[in-house]
Trainee: 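Below you will find the structure I want to go over with you.
Sequence positions, counted from 1, serve as the residue numbers for this chain. Scope of the values below: all heavy atoms of this structure, side chains included, with no hydrogens, waters or symmetry mates. Indexing begins at 1, ligand by ligand and atom by atom, following the structure's order. Everything numeric in this text was worked out from a predicted model, so none of it was measured.
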Amino acid sequence: MLTERMKTWRHVFKLDPNRTLSESALEKVCTSGTDAVIVGGTDGVTYQNSRDLIERVAEYPVECVQEISAESAVVPGVDGYLIPVVLNSGSLRWVVEAQQRAIRKYGDWIPWQDVAALGYVVLNPESKVARLTESRTELETADLTAYGRLAESLFRMPALYVEYSGVYGDERMVRAARRVLENARLFYGGGISREDQARAMGREADTVVVGNLVYQNPEAALESVRWVKETEANGVSRD
Ligand code: 1GP
(Lines give C-alpha, C1' and ligand atoms only; values in the text may rest on other atoms or scores of the structure.)
Protein backbone atom coordinates (compact mmCIF):
# COMPACT_ATOMS: atom_id res chain seq x y z
CA MET A 1 0.00 0.00 0.00
CA LEU A 2 1.32 3.42 -0.90
CA THR A 3 -0.08 4.93 2.28
CA GLU A 4 1.99 2.42 4.28
CA ARG A 5 5.15 3.08 2.29
CA MET A 6 4.70 6.82 2.75
CA LYS A 7 5.07 6.33 6.49
CA THR A 8 8.73 5.55 5.89
CA TRP A 9 9.40 8.69 3.85
CA ARG A 10 11.53 11.14 5.77
CA HIS A 11 13.03 12.99 2.83
CA VAL A 12 11.77 13.12 -0.74
CA PHE A 13 12.78 14.98 -3.86
CA LYS A 14 10.16 16.51 -6.13
CA LEU A 15 11.27 16.64 -9.76
CA ASP A 16 9.50 18.75 -12.35
CA PRO A 17 8.97 17.07 -15.75
CA ASN A 18 9.00 20.55 -17.30
CA ARG A 19 12.58 21.25 -16.16
CA THR A 20 15.83 19.87 -17.47
CA LEU A 21 18.07 17.68 -15.34
CA SER A 22 21.28 16.13 -16.62
CA GLU A 23 21.72 12.38 -16.42
CA SER A 24 24.53 12.69 -13.91
CA ALA A 25 22.45 14.99 -11.69
CA LEU A 26 19.50 12.62 -11.92
CA GLU A 27 21.69 9.67 -10.99
CA LYS A 28 22.96 11.51 -7.93
CA VAL A 29 19.43 12.44 -6.87
CA CYS A 30 18.15 8.88 -7.28
CA THR A 31 21.07 7.29 -5.43
CA SER A 32 21.27 9.98 -2.73
CA GLY A 33 19.51 7.94 -0.09
CA THR A 34 16.29 9.90 -0.42
CA ASP A 35 13.20 7.83 0.30
CA ALA A 36 11.26 8.60 -2.87
CA VAL A 37 11.20 10.74 -5.97
CA ILE A 38 7.94 12.53 -6.72
CA VAL A 39 7.49 13.49 -10.36
CA GLY A 40 5.16 16.43 -10.71
CA GLY A 41 4.82 20.13 -11.23
CA THR A 42 2.36 22.92 -11.74
CA ASP A 43 2.70 24.05 -15.33
CA GLY A 44 3.89 22.59 -18.61
CA VAL A 45 3.36 19.05 -17.33
CA THR A 46 2.46 16.69 -20.19
CA TYR A 47 2.15 12.96 -20.66
CA GLN A 48 5.31 12.97 -22.74
CA ASN A 49 7.60 14.90 -20.39
CA SER A 50 6.19 13.01 -17.38
CA ARG A 51 6.77 9.64 -19.01
CA ASP A 52 10.26 10.61 -20.10
CA LEU A 53 11.29 11.61 -16.59
CA ILE A 54 9.55 8.65 -14.92
CA GLU A 55 11.32 6.24 -17.28
CA ARG A 56 14.66 7.80 -16.43
CA VAL A 57 14.01 7.60 -12.68
CA ALA A 58 12.85 3.98 -13.08
CA GLU A 59 16.42 3.05 -14.05
CA TYR A 60 17.34 3.49 -10.38
CA PRO A 61 16.18 1.51 -7.35
CA VAL A 62 14.51 4.51 -5.63
CA GLU A 63 10.71 4.54 -5.29
CA CYS A 64 9.16 6.78 -7.94
CA VAL A 65 5.65 8.18 -7.64
CA GLN A 66 3.74 10.55 -9.87
CA GLU A 67 1.88 13.49 -8.45
CA ILE A 68 -1.07 14.04 -10.73
CA SER A 69 -1.71 17.63 -11.70
CA ALA A 70 -3.42 16.92 -15.03
CA GLU A 71 -5.42 13.83 -15.90
CA SER A 72 -3.91 13.84 -19.39
CA ALA A 73 -0.42 13.32 -17.91
CA VAL A 74 -1.11 10.10 -15.99
CA VAL A 75 1.59 7.53 -16.78
CA PRO A 76 0.63 3.87 -16.28
CA GLY A 77 2.84 1.51 -14.30
CA VAL A 78 4.38 3.97 -11.83
CA ASP A 79 5.09 2.78 -8.24
CA GLY A 80 2.37 5.06 -6.93
CA TYR A 81 0.15 8.08 -7.54
CA LEU A 82 -0.27 11.07 -5.26
CA ILE A 83 -3.51 12.96 -5.69
CA PRO A 84 -3.41 16.56 -4.48
CA VAL A 85 -6.53 17.92 -2.82
CA VAL A 86 -6.05 21.64 -2.20
CA LEU A 87 -7.99 22.18 0.99
CA ASN A 88 -7.66 25.99 0.94
CA SER A 89 -8.38 26.41 -2.76
CA GLY A 90 -10.94 29.01 -3.70
CA SER A 91 -12.22 26.72 -6.42
CA LEU A 92 -13.94 23.37 -6.14
CA ARG A 93 -11.98 22.34 -9.20
CA TRP A 94 -8.90 21.59 -7.07
CA VAL A 95 -10.80 19.97 -4.22
CA VAL A 96 -13.05 17.43 -5.93
CA GLU A 97 -13.79 18.32 -9.53
CA ALA A 98 -10.52 17.48 -11.29
CA GLN A 99 -10.26 14.32 -9.19
CA GLN A 100 -13.82 13.28 -10.03
CA ARG A 101 -13.19 13.82 -13.74
CA ALA A 102 -10.01 11.74 -13.63
CA ILE A 103 -11.73 8.91 -11.76
CA ARG A 104 -14.60 9.05 -14.24
CA LYS A 105 -12.07 8.57 -17.03
CA TYR A 106 -9.75 5.98 -15.45
CA GLY A 107 -12.05 4.43 -12.80
CA ASP A 108 -11.79 0.80 -13.83
CA TRP A 109 -8.00 0.81 -14.07
CA ILE A 110 -6.99 2.69 -10.95
CA PRO A 111 -4.66 0.64 -8.69
CA TRP A 112 -6.13 2.04 -5.47
CA GLN A 113 -3.57 0.35 -3.25
CA ASP A 114 -0.95 2.55 -4.91
CA VAL A 115 -2.93 5.79 -4.71
CA ALA A 116 -2.87 8.32 -1.88
CA ALA A 117 -4.49 11.71 -1.40
CA LEU A 118 -2.39 14.61 -0.14
CA GLY A 119 -4.37 17.25 1.70
CA TYR A 120 -2.56 20.41 0.61
CA VAL A 121 -2.65 23.74 2.34
CA VAL A 122 -0.91 26.22 0.03
CA LEU A 123 0.61 29.14 1.92
CA ASN A 124 2.87 31.10 -0.44
CA PRO A 125 0.59 33.55 -2.28
CA GLU A 126 3.27 34.21 -4.93
CA SER A 127 3.65 30.57 -5.92
CA LYS A 128 2.34 29.25 -9.20
CA VAL A 129 0.31 26.65 -7.39
CA ALA A 130 -1.37 29.28 -5.19
CA ARG A 131 -2.31 31.36 -8.21
CA LEU A 132 -3.53 28.39 -10.21
CA THR A 133 -5.66 27.03 -7.41
CA GLU A 134 -6.77 30.46 -6.13
CA SER A 135 -5.63 29.40 -2.70
CA ARG A 136 -6.63 31.45 0.32
CA THR A 137 -3.20 31.85 1.80
CA GLU A 138 -3.93 34.43 4.53
CA LEU A 139 -4.29 31.85 7.24
CA GLU A 140 -3.73 31.91 10.96
CA THR A 141 -2.38 28.92 12.82
CA ALA A 142 -5.94 28.12 13.93
CA ASP A 143 -7.03 27.93 10.29
CA LEU A 144 -4.20 25.56 9.47
CA THR A 145 -4.82 23.32 12.45
CA ALA A 146 -8.50 23.16 11.50
CA TYR A 147 -7.48 22.02 8.02
CA GLY A 148 -5.21 19.46 9.63
CA ARG A 149 -8.01 18.06 11.75
CA LEU A 150 -10.36 18.11 8.80
CA ALA A 151 -7.86 16.21 6.67
CA GLU A 152 -7.07 13.65 9.33
CA SER A 153 -10.30 13.08 11.20
CA LEU A 154 -13.03 14.02 8.75
CA PHE A 155 -11.60 13.11 5.36
CA ARG A 156 -9.27 10.41 6.78
CA MET A 157 -6.46 11.55 4.54
CA PRO A 158 -3.09 9.89 4.99
CA ALA A 159 -1.16 13.16 4.80
CA LEU A 160 -1.39 16.91 5.28
CA TYR A 161 1.00 18.83 3.01
CA VAL A 162 2.01 22.29 4.21
CA GLU A 163 3.11 23.83 0.92
CA TYR A 164 5.22 26.99 0.70
CA SER A 165 6.51 26.15 -2.79
CA GLY A 166 9.35 28.52 -3.67
CA VAL A 167 9.85 30.17 -0.27
CA TYR A 168 10.92 28.97 3.12
CA GLY A 169 7.88 28.76 5.32
CA ASP A 170 6.82 29.83 8.77
CA GLU A 171 8.05 27.26 11.27
CA ARG A 172 5.29 28.26 13.70
CA MET A 173 2.66 27.21 11.20
CA VAL A 174 4.27 23.84 10.62
CA ARG A 175 4.65 23.33 14.37
CA ALA A 176 0.97 24.14 14.88
CA ALA A 177 -0.02 21.54 12.30
CA ARG A 178 2.30 19.07 14.00
CA ARG A 179 0.48 19.42 17.30
CA VAL A 180 -2.91 18.39 15.99
CA LEU A 181 -1.97 15.46 13.78
CA GLU A 182 -1.91 12.01 15.26
CA ASN A 183 -2.31 9.69 12.31
CA ALA A 184 -1.92 11.74 9.17
CA ARG A 185 1.62 12.30 8.03
CA LEU A 186 2.85 15.88 7.93
CA PHE A 187 4.61 16.86 4.72
CA TYR A 188 6.49 20.13 4.47
CA GLY A 189 7.74 21.62 1.22
CA GLY A 190 9.07 25.02 0.26
CA GLY A 191 12.30 26.90 -0.14
CA ILE A 192 14.68 24.57 1.61
CA SER A 193 18.18 25.61 0.57
CA ARG A 194 20.30 25.48 3.73
CA GLU A 195 21.18 23.08 6.49
CA ASP A 196 19.48 25.03 9.28
CA GLN A 197 16.25 25.13 7.26
CA ALA A 198 16.32 21.43 6.46
CA ARG A 199 16.92 20.58 10.10
CA ALA A 200 14.29 23.00 11.42
CA MET A 201 11.56 21.65 9.16
CA GLY A 202 12.87 18.12 9.71
CA ARG A 203 12.09 18.58 13.39
CA GLU A 204 8.50 19.65 12.71
CA ALA A 205 7.51 17.57 9.71
CA ASP A 206 7.45 13.84 9.14
CA THR A 207 8.40 14.19 5.49
CA VAL A 208 10.47 17.03 4.02
CA VAL A 209 10.10 17.73 0.30
CA VAL A 210 12.99 19.33 -1.60
CA GLY A 211 12.28 20.64 -5.09
CA ASN A 212 13.89 23.79 -6.51
CA LEU A 213 17.22 23.18 -4.82
CA VAL A 214 17.85 20.21 -7.12
CA TYR A 215 18.00 22.66 -10.02
CA GLN A 216 19.58 25.62 -8.21
CA ASN A 217 22.25 23.95 -6.11
CA PRO A 218 22.44 20.19 -6.75
CA GLU A 219 25.25 19.63 -4.26
CA ALA A 220 23.25 21.21 -1.44
CA ALA A 221 20.18 19.25 -2.53
CA LEU A 222 22.09 16.01 -2.11
CA GLU A 223 23.30 17.14 1.33
CA SER A 224 19.70 17.84 2.33
CA VAL A 225 19.07 14.10 2.54
CA ARG A 226 21.56 13.79 5.37
CA TRP A 227 20.46 17.02 7.06
CA VAL A 228 16.89 15.79 7.30
CA LYS A 229 17.64 12.19 8.13
CA GLU A 230 20.08 13.10 10.91
CA THR A 231 17.38 15.23 12.51
CA GLU A 232 14.88 13.64 14.79
CA ALA A 233 11.27 14.55 14.12
CA ASN A 234 9.26 15.95 16.98
CA GLY A 235 6.45 13.59 16.10
CA VAL A 236 6.57 11.72 19.39
CA SER A 237 5.91 14.79 21.49
CA ARG A 238 2.57 15.74 19.98
CA ASP A 239 0.37 17.30 22.61
C1 1GP B 1 7.04 22.06 -4.17
O2 1GP B 1 6.87 21.60 -1.86
C3 1GP B 1 7.67 21.40 -2.98
O4 1GP B 1 5.79 21.47 -4.43
C5 1GP B 1 9.08 21.83 -2.75
O6 1GP B 1 9.22 23.22 -2.71
O7 1GP B 1 10.51 23.63 -4.78
O8 1GP B 1 10.45 25.34 -2.94
O9 1GP B 1 11.70 23.19 -2.65
P10 1GP B 1 10.54 23.89 -3.30
Side-chain angles (χ1 to χ4, degrees), residues 6 9-21 25-26 29 32 34-45 49-50 53 57 64-70 73 80-89 94 98 116-133 135 137 139 144 147-148 151 159-171 173-174 177-178 184-202 204-228:
M6 276 164 50
W9 295 355
R10 186 77 181 105
H11 175 286
V12 299
F13 282 119
K14 193 184 280 194
L15 300 184
D16 188 339
N18 196 31
R19 293 173 88 168
T20 307
L21 198 59
L26 185 74
V29 162
S32 62
T34 191
D35 297 305
V37 172
I38 299 173
V39 173
T42 302
D43 56 9
V45 176
N49 62 20
S50 299
L53 182 54
V57 175
C64 178
V65 298
Q66 185 179 21
E67 185 172 56
I68 310 296
S69 54
Y81 300 93
L82 298 174
I83 313 299
V85 174
V86 183
L87 298 170
N88 63 327
S89 172
W94 306 105
L118 296 177
Y120 269 78
V121 180
V122 177
L123 291 170
N124 171 14
E126 307 301 326
S127 62
K128 280 188 254 173
V129 61
R131 283 199 286 263
L132 177 72
T133 61
S135 286
T137 57
L139 300 186
L144 178 60
Y147 278 125
L160 180 77
Y161 192 135
V162 177
E163 170 69 292
Y164 278 92
S165 183
V167 295
Y168 184 68
D170 183 342
E171 292 164 20
M173 290 293 266
V174 186
R178 156 85 300 139
R185 209 164 166 82
L186 178 58
F187 280 55
Y188 169 80
I192 288 186
S193 62
R194 299 195 314 252
E195 179 170 0
D196 60 313
Q197 296 170 335
R199 290 186 187 276
M201 288 308 183
E204 307 305 338
D206 297 308
T207 302
V208 174
V209 185
V210 173
N212 274 316
L213 195 60
V214 171
Y215 304 92
Q216 289 166 352
N217 186 345
E219 292 307 318
L222 298 175
E223 285 287 292
S224 74
V225 178
R226 185 171 58 80
W227 297 334
V228 171

Trainee: Indicate, as side chain, backbone, both or neither, the part of Tyr161 found under 4.0 angstrom from ligand 1 when only non-hydrogen atoms are considered.
Mentor: side chain
Trainee: Is there a polar contact between ligand 1 and Gly166, counting only N or O atoms under 3.5 Å apart?
Mentor: yes
Trainee: Of all heavy-atom pairs between Val214 and Val29, which one has the smallest distance, and what is that distance?
Mentor: CG1-CG2, 3.9 Å
Trainee: At less than 4.0 angstrom from any non-hydrogen atom of Gly191, what atoms of ligand 1 do you find?
Mentor: 8 (O), 9 (O), 10 (P)
Trainee: Is any N or O atom of Gly211, backbone or side chain, closer than 3.5 Å to an N or O atom of ligand 1?
Mentor: yes
Trainee: Pairs of nitrogen or oxygen atoms closer than 3.5 Å, one from Tyr120 and one from ligand 1: do any exist?
Mentor: no
Trainee: Could you check atom 7 (O) of ligand 1 against the protein and tell me its nearest heavy-atom contact, residue, atom and distance included?
Mentor: Asn212 N, 2.9 Å
Trainee: Verify, without hydrogens or angle tests, whether Asn18 (side chain) and Asp43 (backbone) share a donor-acceptor contact under 3.5 angstrom.
Mentor: yes
Trainee: Taking all non-hydrogen atoms of both residues into account, name the closest pair between Arg10 and Ala205 and its distance.
Mentor: NH1-O, 3.0 Å
Trainee: What do you reckon, does Val210 have a nitrogen or oxygen under 3.5 Å from a nitrogen or oxygen of ligand 1?
Mentor: no
Trainee: Is there a donor-acceptor contact under 3.5 Å linking the side chains of Thr133 and Ser135?
Mentor: yes
Trainee: What protein heavy atom is closest to atom 4 (O) of ligand 1, reported as residue, atom name and distance in Å?
Mentor: Glu163 OE2, 2.5 Å
Trainee: Within this structure, what is the CD-CG distance for the pair Glu67 and Asp16, rounded to the nearest 0.5 Å?
Mentor: 10.5 Å
Trainee: Would you please classify the geometry between the Tyr168 ring and the Tyr188 ring as parallel, tilted or perpendicular, with 30° and 60° separating the classes?
Mentor: perpendicular
